[in-house]
Number of protein chains: 2
Amino acid sequence: MPAVRRSTAPSQPASSAPTRSTSAQASSLSKARQDNAREIAEDYVEAIADLITLTGEARVVDLARTLGVTHVTVSRTITRLQRQGFVRSEPYRSIFLTESGAALARDCKSRHETVTAFLRALGVRRETAERDAEGIEHHVSDETLAAFLKFLHANG
Amino acid sequence: MPAVRRSTAPSQPASSAPTRSTSAQASSLSKARQDNAREIAEDYVEAIADLITLTGEARVVDLARTLGVTHVTVSRTITRLQRQGFVRSEPYRSIFLTESGAALARDCKSRHETVTAFLRALGVRRETAERDAEGIEHHVSDETLAAFLKFLHANG
DNA sequence: ACCCAAATGTAGCCAAGGCTACGAAACCAT
DNA sequence: ATGGTTTCGTAGCCTTGGCTACATTTGGGT
Ligand SMILES: [Mn+2]
Ligand SMILES: [Mn+2]
Ligand SMILES: [Mn+2]
Ligand SMILES: [Mn+2]
């Protein structure tokens, strides 16, 4: 008798179906992948802006402390951010934001604060709101952000 | 005269300050890094569960379409998920969720739906809600999720 | 049975984020 | 000015997510 082969589950035609209805979902999902580097960039420029405001300059060690990574990781990432035009820096000097980088930082900080305030308004504890906002901030579209602001204005 | 050295910005003591106040923030941020693989895992198990429900089985090609990546990427990721105990699969066969994987899938799907419904309730358009939820779902803590649900019940 | 198209796997490449270890530069006191 | 501490850079390693090109296995049709 022929070996049983076939998996142990099926019981339905399967296959051939998913081809069109899923493509919409695919775009939502595939996006989320490559965007990792962009999220990192956002956290960096925001941290750099904060450090400059708070201490006058952004140094590698300070960024490493703020971001919770080693100075090596910061150093290499700064190289990438410079290549992408968000910062400029010279060896052993502190780091500066370019116009583009500063603009991104402003945008990120704004989103960060809106998300945090929104979660707080919903009754989430400060610590949790801060933690969740740190991740959520990178995924709120302008439309959703507007909805958050509208809610805040209505429940101020 | 001694070369000018020093960067072109400062004007403040700088340094030495950020060391304690930043550590809280660091934990929020450092988290967001390594968690990338976990987010991917969540999207995979959720997609696998959906495919099994919809078509009876989850095959590599279907996953590739759903997730918007090539079958090669899916294949390798499945290997990792198997190593981590979320799925089991044999060469050329369809993919199954383990108990652990199924549990994670249920949790993710639940979060996904709650976030989507919440955004919809806030007035965000369906398409935008779907897209944003796909990213936000991975960053919502139990506490925040509870706040979302509370809002939904109050504004059902 | 056989053949071919589709599905899956493999090899090998890249970018990115993380790390440790170690060397070089800068800075601060003495 | 010199030396020690701190900061920064480099080398080299790992993991992961993506890809193309190519090999292999399945499975359906003739
Ligand atoms: Mn963040
Ligand atoms: Mn932030
Ligand atoms: Mn997702
Ligand atoms: Mn999802």
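FYI, side chains are in, hydrogens and waters are out, and symmetry mates aren't considered; it's all heavy atoms of this structure. Just so it is clear, the model here is predicted, and its values are computed rather than measured.
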Exercise. Atom CG of D62(A) and atom C1' of dC8(D): how far apart are they, to the nearest Å?
Worked result: 12 Å
Problem set entry | dA15(C) OP1/OP2 closer than 4.0 Å to side-chain N/O of R38(A) | no
Problem set entry | Residue whose nearest DNA chain D nucleotide is more 5′ - E90(A) or T70(B) | E90(A)
Exercise. Just to confirm, is there a sub-4.0 Å distance from OP1 or OP2 of dC19(C) to any side-chain nitrogen or oxygen of T73(A)?
Worked result: yes
Exercise. Would one find a side-chain N or O of S75(B) under 4.0 angstrom from OP1 or OP2 of dG9(C)?
Worked result: yes
Problem set entry | Which nucleotide in dG9(C), dA16(C), dG9(D) has an atom nearest any side-chain atom of P91(A) | dG9(D)
Exercise. Nearest to the side chain of H71(B), which nucleotide is it out of dT8(C), dC27(C), dG17(D)?
Worked result: dT8(C)
Exercise. Nearest to the side chain of I40(B) - dT20(C), dG17(D), dT26(D)?
Worked result: dG17(D)
Exercise. If you look at every strand shown and take non-hydrogen atoms under 4.0 Å, does V72(A) touch a base, only sugar-phosphate, or nothing?
Worked result: base
Seminar exercise, completed: Side-chain atoms of R80(A) come closest, of dC19(D), dA7(C), dG17(C), to dG17(C)
Problem set entry | Value in whole Å for how far the P atom of dG17(C) lies from CG of L63(A) | 14 Å
Exercise. Is the count of non-hydrogen atoms from other residues, nucleotides or ligands lying under 6.0 Å from N155(A) atom CG greater than 12?
Worked result: yes
For this session: Measure the OG-CG distance between S89(B) and L97(B) for me, rounded to the nearest 0.5 Å.
Result: 11.0 Å
Seminar exercise, completed: Taken to the nearest whole Å, CD/E39(B) to P/dG17(C) is 14 Å
Problem set entry | Per R93(B) side chain, nearest of listed nucleotides dG17(D), dG9(C), dT26(D) | dT26(D)
Exercise. Given atom CD1 of I95(A) and atom C1' of dT7(D), what is their separation to the nearest angstrom?
Worked result: 12 Å
For this session: Look at the side chain of R76(B) against the base of dG17(D) and say whether a donor-acceptor pair falls under 3.5 Å; ignore hydrogens and angles.
Result: yes
Exercise. Would you say a side-chain N or O of R59(A) is under 4.0 Å from OP1 or OP2 of dG9(D)?
Worked result: no
Problem set entry | Cationic N near anionic O, under 4.0 Å, E130(A) to R126(A) | no
Problem set entry | Cluster link I78(A) to V72(A), ILVMFWY, side chain under 4.5 Å | no
Problem set entry | Polar side-chain contact Y92(B)-dT8(C) base: donor and acceptor under 3.5 Å | yes
Problem set entry | Protein-nucleotide distance (N36(B), atom CG; dA16(C), atom C1'), rounded to Å | 10 Å
Exercise. In whole Å, what is the span from the CZ atom of R65(A) to the C1' atom of dC8(D)?
Worked result: 13 Å
Exercise. Ignoring hydrogens and geometry, is there a side-chain-to-backbone donor-acceptor pair from R88(A) to F96(A) under 3.5 Å?
Worked result: no
For this session: Let me know the distance between CG of D43(A) and C1' of dA16(C), rounded to the nearest Å.
Result: 15 Å
For this session: Compare the minimum distances between each of dT8(C), dC19(C), dC19(D) and the side chain of V61(B), then state the nucleotide with the smallest one.
Result: dT8(C)
Exercise. If we only count heavy atoms from C-beta on, is the R111(B) to E42(B) side-chain gap below 4.5 Å?
Worked result: yes
